[in-house]
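What follows is one structure encoded as structure tokens, with my remarks underneath.
Hydrogens, waters and symmetry mates play no part in the numbers below; they use all other heavy atoms, side chains included. Proteins get letters first, then strands, A, B, ... in listed order; numbering begins at 1 in each.
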Protein chains: 2
Amino acid sequence: MNNGRFPISLHILTLLASAEGELLASDYIAGSININPVLVRKEISNLRNHGLIESKEGKNGGSTLARSADKIRLSEVYHAVQQASLLGNSKNQPNPDCNVGKQINQHLDHLYQEIEGALLHKLEKMSLADFLRQFQ
Amino acid sequence: MNNGRFPISLHILTLLASAEGELLASDYIAGSININPVLVRKEISNLRNHGLIESKEGKNGGSTLARSADKIRLSEVYHAVQQASLLGNSKNQPNPDCNVGKQINQHLDHLYQEIEGALLHKLEKMSLADFLRQFQ
DNA sequence: TTGTACTGTAATAAAGTCGATTACAGAATG
DNA sequence: CATTCTGTAATCGACTTTATTACAGTACAA
């Protein structure tokens, strides 16, 4: 994925982590990221579906982390926003009459999985708290 | 990068590797990938600029690998097609009045670099010959 | 020496993707 | 019950990607 959603989601989570349990409104978050509030709500909705965020509707509502920042791995953020594969979706429809074309998607998928494994390994070792700690 | 160009370039190189020095025409390659020949020539042009492919113009022309497949690392293919960063370009322009927004791009860049390092490490260990060997 | 089969590349069009925006229903609070 | 939030659908425009057309240049071979 070369996904603009990863930085957005991480930004949201970082703000929530730094707010220490206080509910933040989507408009406030959108103001920090400088994007449209509806996009923020969509990402929040997605992060909530993945169990990373809890929200409260209505007046004085907003969102907060579902668990403490040291219990949220960056690999979870990756999984939450990931849709396509890492290096490019092998969505070409190669010629089945060609020996290479016939097999390449399967081998590409295998390659992507290996690489994604290495990436996830890295992200698993980092928590949201680790990320936040870099901020002064 | 979630780049459709990586699978295309790797497909091209795999075909050339399996052709064992024989010149392959861009139309033939395009037929195997099932995409437009002009796109293939553009990718070939790029791979040639990166020293991975040599081409011969004119009748009976075509392309071939610039070195043997076991001397081509998949990390070179990655570098050849890479333009944007891996997980998403941190091109948001966050609010500088927000303490998180002010610093996040710098920390995102750092994170991407670490992850890309892990990915490249994996790709460096694999040659085009390794990849081709999986085909039956 | 000329037709043919290629590459190389620019320019344009078509298709697909992504983010911004509008709109509005529903929920919680005071 | 007005206000301030969330949740979500729908649409528009900007951007990106891919396909297509066009054509000049090169090498070969008859």
Side-chain angles (χ1 to χ4, degrees), chain A residues 1-9 11-12 15-16 19 22-50 52-64 66 81-85 87-94, chain B residues 1-9 11-12 15-16 19 22-31 33-50 52-64 66 81-85 87-95:
Chain A
M1 67 160 199
N2 188 13
N3 201 321
R5 289 175 53 207
F6 181 84
I8 290 175
S9 280
H11 196 142
I12 293 170
L15 284 170
L16 297 183
E22 194 186 340
L23 289 172
L24 296 188
S26 61
D27 278 44
Y28 172 81
I29 296 173
S32 169
I33 311 183
N34 200 23
I35 61 172
N36 194 283
V38 175
L39 246 197
V40 172
R41 291 191 211 125
K42 272 187 193 159
E43 283 312 313
I44 284 176
S45 166
N46 179 57
L47 292 167
R48 188 171 51 241
N49 290 337
H50 284 82
L52 298 176
I53 280 184
E54 282 168 1
S55 305
K56 187 185 164 198
E57 293 189 6
K59 196 172 179 179
N60 299 328
S63 297
T64 185
V81 301
Q82 184 213 27
Q83 41 200 9
S85 86
L87 285 178
N89 24 31
S90 55
K91 69 176 173 198
N92 291 327
Q93 307 190 331
Chain B
M1 67 161 201
N2 187 13
N3 201 320
R5 289 175 53 206
F6 181 84
I8 290 174
S9 281
H11 196 143
I12 293 170
L15 284 169
L16 297 183
E22 193 186 340
L23 290 173
L24 296 188
S26 60
D27 278 44
Y28 172 82
I29 296 173
I33 311 183
N34 199 25
I35 61 172
N36 194 284
V38 175
L39 246 197
V40 172
R41 290 191 211 126
K42 272 188 194 159
E43 283 312 313
I44 284 177
S45 164
N46 179 56
L47 293 167
R48 187 171 52 241
N49 290 338
H50 284 82
L52 299 175
I53 280 184
E54 283 168 0
S55 304
K56 186 185 165 197
E57 293 189 6
K59 196 171 181 178
N60 301 327
S63 297
T64 185
V81 301
Q82 186 213 25
Q83 39 200 11
S85 89
L87 286 178
N89 23 32
S90 54
K91 68 176 172 198
N92 290 328
Q93 306 190 333
N95 187 343

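Base engagement by A:Asn36 is indicated by at least one non-hydrogen atom pair under 4.0 Å involving a base atom. Residue contacts for B:Ser26: at a heavy-atom cut-off of 4.0 Å it reaches the sugar-phosphate backbone alone, with no base atom in range.
Between the CG atom of B:Leu23 and the P atom of D:dA27 there is a distance of 13 Å, rounded to whole Å. Taking atom CD on B:Gln93 and atom P on C:dG19, their separation rounds to 14 Å, with Å as the unit. Summarising the geometry, the separation between CG on B:Asn49 and C1' on C:dT7 is reported as 14 Å, rounded to the nearest angstrom. Rounded to an integer number of Å, the gap from CD of A:Glu57 to C1' of D:dT3 is 15 Å. In this entry the distance linking CG of B:Leu24 with P of C:dC6 reads 12 Å, nearest Å. Here C:dT17 presents its C1' atom at 13 Å from CZ of A:Arg5, a figure rounded to the nearest Å. In this structure, CG of B:Asp27 is placed 17 Å from P of C:dT4, rounded to the nearest angstrom. Taking atom CD1 of B:Ile35 as the reference point, atom P of D:dT17 lies 14 Å away to the nearest angstrom.
For A:Ser63, no side-chain nitrogen or oxygen approaches OP1 or OP2 of D:dT6 to under 4.0 Å. Applying the 4.0 Å criterion to OP1 and OP2 of C:dT7, one finds that B:Lys59 has every side-chain N and O outside that range. Contact annotation: A:Lys42 side-chain N/O to D:dT6 OP1/OP2 distance is not under 4.0 Å.
Set against D:dA27, C:dA10, C:dT21, the side chain of B:Val38 has C:dA10 as its closest nucleotide. With D:dT20, D:dT6, C:dT9 as the choices, the nucleotide that has an atom nearest any side-chain atom of B:Arg48 turns out to be C:dT9. Nearest nucleotide to the B:Lys56 side chain, out of D:dA29, D:dA27, D:dA19: D:dA27.
Atom CD1 in B:Ile8 sits 12.0 Å away from atom CD1 in B:Ile29 (nearest 0.5 Å). Expressed to the nearest 0.5 Å, how far CG of B:Leu15 lies from OG1 of B:Thr64 amounts to 12.0 Å.
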- Before giving the answer on side chain to side chain contact (heavy atoms under 4.5 Å, CB included), spell out for A:Ile12 and A:Ile53 the whole-Å C-alpha distance, their side-chain angles and the decisive distance to 0.1 Å. CA-CA 10 Å; A:Ile12 293 170; A:Ile53 280 184; 4.0 Å; yes
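None of A:Asn36, A:Val40, A:Ile35 except one satisfies the side chain to side chain contact (heavy atoms under 4.5 Å, CB included) rule with A:Val38; the exception is A:Asn36.
Residue B:Arg41 is the one, among B:Arg41 and A:Asn34, whose nearest nucleotide of DNA chain C lies closer to the 5' end (criterion: closest heavy atom).
For B:Ile44 against B:Ser55, the heavy-atom pair with the smallest separation is CG2-OG, 3.7 Å.
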